[in-house]
Q: 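Sending over a structure as structure tokens; questions will come in a sec.
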Amino acid sequence: FQYVSNTCQLAPDDMVAVCFTSMGRDLAGYVLRDPQKIAEICQLSQNKYFKDCLRGALNVIIDFWGENIKDQPQTFCSKLQADDKDYCYNWFAHRLKDIFGQNFGPL
């Protein structure tokens with residue numbers, strides 16, 4: 001993922017955030033949705049794109065949410081630092097409308 005992060009930094013300006021979102025998506029599956037490992041690897045984004053990486057990972061957790069996953073999105077968000085935790089919970093609430101068809105909070 002260091003190589004991916006370095007490559008994302010070289011992307012055109014309007015694609016860097018997209019690249020880090022994709023990195024988050026890929027690493028979530030790679031580390032089996034482990035919140036600590038996701039946060040550690042997303043740090044490779046040099047903080048500027050950390051939230052993009054988190055969003056990509058959280059999307060995977062939410063998109064594959066099911067009976068066996070239970071509270072993975074909440075657990076993931078709860079393990080983050082304060083600002084990132086707020087962002088994570090807001091994105092989670094935003095994505096709930098995709099699952100349940102209604103809006104659950106601000107973004």
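Side-chain atoms are counted along with the backbone in the values below, which use heavy atoms only and exclude waters and symmetry mates.
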Q: Taking all non-hydrogen atoms of both residues into account, name the closest pair between Ala39 and Leu80 and its distance.
A: CB-CD2, 4.0 Å
Q: Measure the spacing between CG of Asp34 and CD of Glu40 and express it to the nearest 0.5 Å.
A: 8.0 Å
Q: Any chance you could lay out the side chain to side chain contact (heavy atoms under 4.5 Å, CB included) test for Phe92 and Phe76, step after step, and finish with the verdict?
A: CA-CA 10 Å; Phe92 178 41; Phe76 176 68; over 6 Å; no
Q: For Leu27 and Cys53, run side chain to side chain contact (heavy atoms under 4.5 Å, CB included): C-alpha distance rounded to whole Å, both residues' side-chain angles, the deciding distance at 0.1 Å, then the answer.
A: CA-CA 9 Å; Leu27 78 89; Cys53 184; 3.7 Å; yes
Q: Starting from Tyr3 and following side-chain heavy-atom contacts under 4.5 Å between hydrophobic residues (I, L, V, M, F, W, Y), which residues can be reached?
A: none
Q: Side-chain contact, heavy-atom cut-off 4.5 Å: Tyr89 with Ser78?
A: yes
Q: Sub-3.5 Å donor-acceptor pair from the side chain of Asn90 to the main-chain atoms of Asp86, do we have one?
A: yes
Q: Looking at CZ of Phe50 and CD of Gln81, how far apart are the two atoms once the value is rounded to the nearest 0.5 Å?
A: 8.5 Å
Q: Near Lys85 NZ, under 6.0 Å, is it more than 12 heavy atoms from other residues, nucleotides or ligands?
A: yes
Q: With rounding to the nearest 0.5 angstrom, report the CD1 to CG distance, Ile38 to Leu54.
A: 8.5 Å
Q: Can you confirm whether Val16 sits close enough to Asp52 that some side-chain heavy atom of one is under 4.5 Å from a side-chain heavy atom of the other?
A: no
Q: Give a yes-or-no answer on whether the side chains of Asn59 and Arg25 include a donor-acceptor pair shorter than 3.5 Å.
A: no
Q: Would you call the rings of Tyr49 and Phe20 parallel, tilted or perpendicular, where under 30° means parallel and over 60° means perpendicular?
A: parallel
Q: Report the relative orientation of the aromatic rings in His94 and Trp91; use parallel for angles under 30°, tilted for 30 to 60°, perpendicular for over 60°.
A: tilted
Q: Does some side-chain heavy atom of Tyr30 sit less than 4.5 Å from a side-chain heavy atom of Asp26?
A: no
Q: Just verifying a value: how many Å separate Leu44 CG and Gln2 CD, rounded to the nearest 0.5 Å?
A: 5.0 Å
Q: Between atom OG1 of Thr21 and atom CE of Met15, what is the distance when rounded to the nearest 0.5 Å?
A: 9.5 Å
Q: Salt-bridged, Arg95 to Asp63, with N to O below 4.0 Å?
A: yes
Q: Once you round to the nearest 0.5 Å, how far does CZ of Phe1 lie from SG of Cys8?
A: 10.5 Å
Q: With a 4.5 Å cut-off on side-chain heavy atoms, are Ser22 and Val4 touching?
A: no
Q: To check you understand the geometry: which heavy-atom pair defines the closest contact between Gln9 and Ser45, and what is its length?
A: NE2-O, 3.7 Å
Q: Can Ile62 be reached from Val31 by stepping across I, L, V, M, F, W or Y side chains whose heavy atoms are under 4.5 Å apart?
A: yes
Q: Side chains of Cys88 and Leu58: closer than 4.5 Å at any heavy-atom pair?
A: yes
